[in-house]
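These notes concern the structure reproduced below.
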Amino acid sequence: MTTKTQTVCRGRPCAFNKEEALGKALELFWRNGYEGTSLSDLTKVMGINKPSLYSAFGNKEQLFLQAIDLYEKRPGAFFYSAMDQKTAYLVVQSMLRGAADSMANGEHPQGCVVVQGALSCS
């Protein structure tokens, strides 16, 4: 059985691509951390206004959590596949290769978005 998720915005239909906007929010959180990212920064980068942000994503914390979920499905996905390896050696090898590939990828910020978010709070 296949489950299909549908994006729902309260009020008028969304006039923007929610997945694309979430990707832009992820990149901003990744670069600036949670505390270093303002709502004004988010709305500017995402190309939406504050009511649209709240309607589609909830508050800043909820948006951050959705961005983390997206991170885990995309750049951080190597972690979960590494856990499926048959031996501890292969798990570690797969994690290190995944981390190295991620760090070498110039298409996104360096490091881990979760660690970046935590560092900005300390």
Side-chain angles (χ1 to χ4, degrees):
M1 184 160 101
T2 305
T3 305
K4 199 174 195 179
T5 4
Q6 186 175 18
T7 301
V8 178
C9 291
R10 291 178 222 124
R12 296 185 311 190
C14 283
F16 63 93
N17 181 316
K18 186 175 177 184
E19 188 77 11
E20 186 178 304
L22 184 58
K24 290 176 181 179
L26 168 61
E27 185 164 329
L28 192 61
F29 282 128
W30 203 342
R31 289 188 191 286
N32 301 339
Y34 179 79
E35 292 294 330
T37 302
S38 70
L39 282 175
S40 296
D41 294 336
L42 287 164
T43 56
K44 183 178 180 181
V45 138
M46 295 166 76
I48 61 176
N49 59 30
K50 285 182 184 179
S52 294
L53 185 146
Y54 287 119
S55 176
F57 301 101
N59 62 25
K60 179 181 166 184
E61 180 182 358
Q62 292 167 324
L63 174 59
F64 181 72
L65 293 174
Q66 290 175 56
I68 296 302
D69 286 341
L70 181 62
Y71 173 79
E72 290 177 349
K73 292 174 187 162
R74 291 187 184 167
F78 69 86
F79 179 81
Y80 295 106
S81 60
M83 297 304 289
D84 292 335
Q85 300 299 317
K86 296 187 187 296
T87 67
Y89 177 84
L90 292 174
V91 168
V92 171
Q93 181 183 49
S94 183
M95 285 179 147
L96 290 173
R97 283 192 176 152
D101 288 345
S102 180
M103 290 297 287
N105 185 341
E107 295 179 15
H108 58 69
Q110 297 299 298
C112 172
V113 70
V114 177
V115 172
Q116 295 291 80
L119 287 175
S120 70
C121 293
S122 59

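Side-chain atoms are counted along with the backbone in the values below, which use heavy atoms only and exclude waters and symmetry mates.
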Check the pair Leu39 / Tyr54 against side-chain contact (heavy atoms from CB on, under 4.5 Å), numbers first and verdict last. CA-CA 10 Å; Leu39 282 175; Tyr54 287 119; 3.0 Å; yes

Roughly how far apart are Ile68 CD1 and Leu26 CG, rounded to 0.5 Å?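 Those atoms lie 7.0 Å apart.
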
Distance from Leu65 atom CG to Gln62 atom CD, nearest 0.5 Å?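 Answer for the CG-CD pair, Leu65 versus Gln62, is 8.0 Å.
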
Stepwise side-chain contact (heavy atoms from CB on, under 4.5 Å) test for Leu22 and Asp69: CA-CA 10 Å; Leu22 184 58; Asp69 286 341; over 6 Å; no

Closest non-hydrogen atom pair between [X] and [Y], with its separation:
X	Y	value
Pro109	Trp30	O-CZ2, 3.3 Å
Ala25	Leu42	CB-CD2, 3.9 Å
Phe29	Ala67	CD1-CB, 4.1 Å
Ile48	Ser52	CB-CB, 4.1 Å
Lys60	Thr37	NZ-O, 2.5 Å
Met46	Phe57	CE-CE1, 3.4 Å

Is Phe16 reachable from Val45 through a run of hydrophobic residues whose side-chain heavy atoms are each under 4.5 Å from the next?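 Yes; Phe16 is reachable from Val45 via cluster members.
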
If Ile, Leu, Val, Met, Phe, Trp and Tyr residues are connected whenever their side-chain heavy atoms lie under 4.5 Å apart, and connections chain through other members, are Val91 and Tyr80 in the same group?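 Cluster IDs for Val91 and Tyr80 match.
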
Apply the test side-chain hydrogen bond (donor to acceptor under 3.5 Å, both in side chains) to residues Ser81 and Asp84: give CA-CA distance (whole Å), side-chain angles for both, the deciding distance (0.1 Å), then the verdict. CA-CA 5 Å; Ser81 60; Asp84 292 335; over 6 Å; no

Side chains of Gln66 and Lys18: does their closest heavy-atom pair fall under 4.5 Å?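 A side-chain contact under 4.5 Å exists here.
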
Taking the side chain as everything from C-beta on, heavy atoms only, tell me whether Leu90 gets closer than 4.5 Å to Gln93.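 The answer is yes; the side chains approach within 4.5 Å.
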
With sequence neighbours excluded, tell me which residues meet salt bridge (charged side-chain N to carboxylate O under 4.0 Å, His left out) with Glu72.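 Here no residue qualifies.
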
Taking the basic N atoms (NZ, or NE/NH1/NH2) and the acidic carboxylate oxygens, is any pair closer than 4.0 Å for Glu19 and Lys73?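 Judged by the 4.0 Å cut-off on N to carboxylate O distance, Glu19 and Lys73 do not form a salt bridge.
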
Test side-chain contact (heavy atoms from CB on, under 4.5 Å) applied to Met83 and Met95, step by step: CA-CA 8 Å; Met83 297 304 289; Met95 285 179 147; 3.6 Å; yes

